[in-house]
2 protein chains.
Amino acid sequence: MDSVAADKLEQDKGDQGLRVTPQPMRRQVEEGLRAAIIAGRFAPGQHLPDRLLCELFGASRSVVREAVRLLEAESLIVVLPNRGPFVAWLSSSEAAQIYEVRGVLEALAGEGFAIRATDAERAELRAVYERLAAAGEASDRAELLAIKRDFYAVLLRGCRNPMVARMLDQMLNRNSQLRATSLSEPGRLPHTVAEIRRVVQAIEHRDPEGAWEACRHHVKRAAAVAIRILREREERDGTPYGREA
Amino acid sequence: MDSVAADKLEQDKGDQGLRVTPQPMRRQVEEGLRAAIIAGRFAPGQHLPDRLLCELFGASRSVVREAVRLLEAESLIVVLPNRGPFVAWLSSSEAAQIYEVRGVLEALAGEGFAIRATDAERAELRAVYERLAAAGEASDRAELLAIKRDFYAVLLRGCRNPMVARMLDQMLNRNSQLRATSLSEPGRLPHTVAEIRRVVQAIEHRDPEGAWEACRHHVKRAAAVAIRILREREERDGTPYGREA
DNA sequence: GGGAGGAATATTGACGGACAATCCGTCAGC
DNA sequence: GCTGACGGATTGTCCGTCAATATTCCTCCC
């Protein structure tokens, strides 16, 4: 999903993509921190004091604080007044809302892909699907996550709507931990594969409506699993981080 | 739409709303700048050097820069490397993408409202609609904009999905200038009123599907008008700000 | 006269120190 | 065992500095 994040830099440029722009320090911190949070290297709710981030990235406070603002706007970080930045956490109700939004955005992306993608992109999507289908239950979680990330990268590129891509990318980032756990839910993989197959098939038939429905269906199912897991976890641990409404 | 912006501060709190949190300077700059851009007090593409913003808000550079980062993440500001912040501008293709996203989000909000809003909220929505219907062609643009803003405020509150509310709020902010011009397009008002009426009626009949369709239809019509205006403007002036793909 | 080149200026990106206000944990006292 | 004061740590904000990059403008040459 780097492509999407990169696009954010230049508003609608011709995209010769040859420019050698030395990435500013701030951008590096921003991306490093985002990647770390998405990868789950910090626990949700964990406090991230300025000093820690400064040492971690070897940057000054100004740079770190600006990067934190960006991630705050993406809701990957929550900044409590006078207490500083914390890694964002999800309540089950928030997760449900995110999946609702993700559902329509993903449907829009699928629809757009079915309408506007090139033949090469369709083939690419099929190829990624084959990799997913080939991955047995044995495959480890990281492998599956990588494949799904590739799937979305192709989908978001081919839908020809950077706006949808950006929004959906944010949604996917926000619940990345949830996706990891629900993907490795025992018995879930075959269903995932079947749902994705419906998406790919509809797209190959250039059936926008079918792609729309298939995408929404997929997200709906994923949501059901993820939210069930989250609810169980909340009941077991009590509402975590002591901040549920 | 302050409610939405305010919600961002506290992640999912119980919302007794009694806390006296002194708004930090940064928040004030952020909100002031956002309001100024949305209101069109800066021209799209205008350069906003640090110094200018510092003087304008009487704040230090650090504060200003952090606020700019937030608005950058909302795409209200574009920061060009080594050249600083500029007020974001819209190409017609970007506008089309935004309306596509706005369409599904607004539909989702309408659907949610039809399902989850209280009776009081339904009445509120109807009241705002009546104000819109009563506003003759004579009403000035600011009046109409205020009514529509109220309409969305009620809708976003009643849909019970803060996530949708936030995303949609961003979308509305991004094309606020376009909305202003398309609202004052001669002959458009009666159509707008009729479209909104369909939304309100579907909601009163507790018909989520109808609300969904009515919302999408409304956005689709608004998009057509706005994009036509934008295209005309681009042809007349040449692609503005010299940065169209 | 007009364009190429280069110096002067302004702006950004980044650093570090400084300071008050606030929050947190500890500990003494009732 | 609870209350309240103290002290350390962190945040919010400001400032000055410095190198790197853009922009402006002037000069000089064709």
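Lettering of chains follows the sequences in order, A, B, ..., and the numbering in each one begins at 1. Just so you know, these numbers use all the heavy atoms, side chains as well, and skip hydrogens, waters and symmetry mates.
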Inset, instruction - May I have the distance from Met25(A) (atom CE) to dG16(C) (atom P), rounded to whole angstrom? - result: 10 Å

Inset, instruction - Measure the distance from CZ on Phe57(B) to P on dC14(D) and round it to the nearest whole Å. - result: 13 Å

Inset, instruction - Please check if atom CZ in Arg228(B) has more than 12 non-hydrogen atoms from other residues, nucleotides or ligands closer than 6.0 Å. - result: yes

Inset, instruction - Could you tell me which non-hydrogen atom of His47(B) sits nearest to which non-hydrogen atom of Leu52(B), and how far apart they are? - result: O-CD2, 4.5 Å

Inset, instruction - Let me know, please, whether Glu66(A) or Asn82(A) comes out on the 5' side of the other along DNA chain C by nearest nucleotide. - result: Glu66(A)

Inset, instruction - Ignoring backbone atoms, establish whether His47(A) has a side-chain N or O less than 4.0 Å from OP1 or OP2 of dT11(D). - result: yes

Inset, instruction - Measure the distance from CZ on Arg27(B) to C1' on dT13(D) and round it to the nearest whole Å. - result: 15 Å

Legend entry - Protein-nucleotide distance (Leu53(A), atom CG; dT10(D), atom P), rounded to Å: 12 Å

Inset, instruction - Count the heavy atoms of every other residue, nucleotide or ligand shown that sit under 6.0 Å from CZ of Arg51(A), and state whether that count exceeds 12. - result: no

Inset, instruction - In whole angstrom, give the distance that lies between atom CG of Leu80(B) and atom P of dG13(C). - result: 10 Å

Inset, instruction - Answer with base, sugar-phosphate or nothing: what part of the nucleic acid does Arg51(B) contact at a heavy-atom distance below 4.0 Å? - result: sugar-phosphate

Inset, instruction - Would you mind classifying the nucleic acid contact of Arg26(B) as base, sugar-phosphate or nothing, using non-hydrogen atoms under 4.0 angstrom? - result: sugar-phosphate

Legend entry - Residue Arg116(A) excluded, over 12 heavy atoms near CZ under 6.0 Å: yes

Inset, instruction - Report the distance from atom CZ of Phe86(A) to atom P of dT11(D), rounded to the nearest whole Å. - result: 8 Å

Inset, instruction - State whether the side chain of Arg188(B) and the backbone N or O of Leu183(B) hold a donor-acceptor pair below 3.5 Å, judged by distance alone. - result: no

Inset, instruction - Among dC15(C), dG13(C), dC14(D), find the nucleotide with the atom closest to the side chain of Ser60(A). - result: dC15(C)

Legend entry - Below 4.0 Å: OP1/OP2 of dC15(D) and any side-chain N or O of Arg61(B): no

Inset, instruction - Would you mind reading off the distance between Glu55(A) atom CD and dC15(C) atom C1', rounded to a whole angstrom? - result: 16 Å

Inset, instruction - Could you check which of dT12(C), dG13(C), dT13(D) has an atom nearest any side-chain atom of Val63(B)? - result: dT13(D)

Inset, instruction - May I ask you to evaluate whether Arg83(A) reaches the phosphate of dC24(C), defined as a side-chain N or O under 4.0 Å from OP1 or OP2? - result: yes

Legend entry - Whole-Å distance separating the CZ atom of Arg65(A) from the P atom of dG13(C): 18 Å

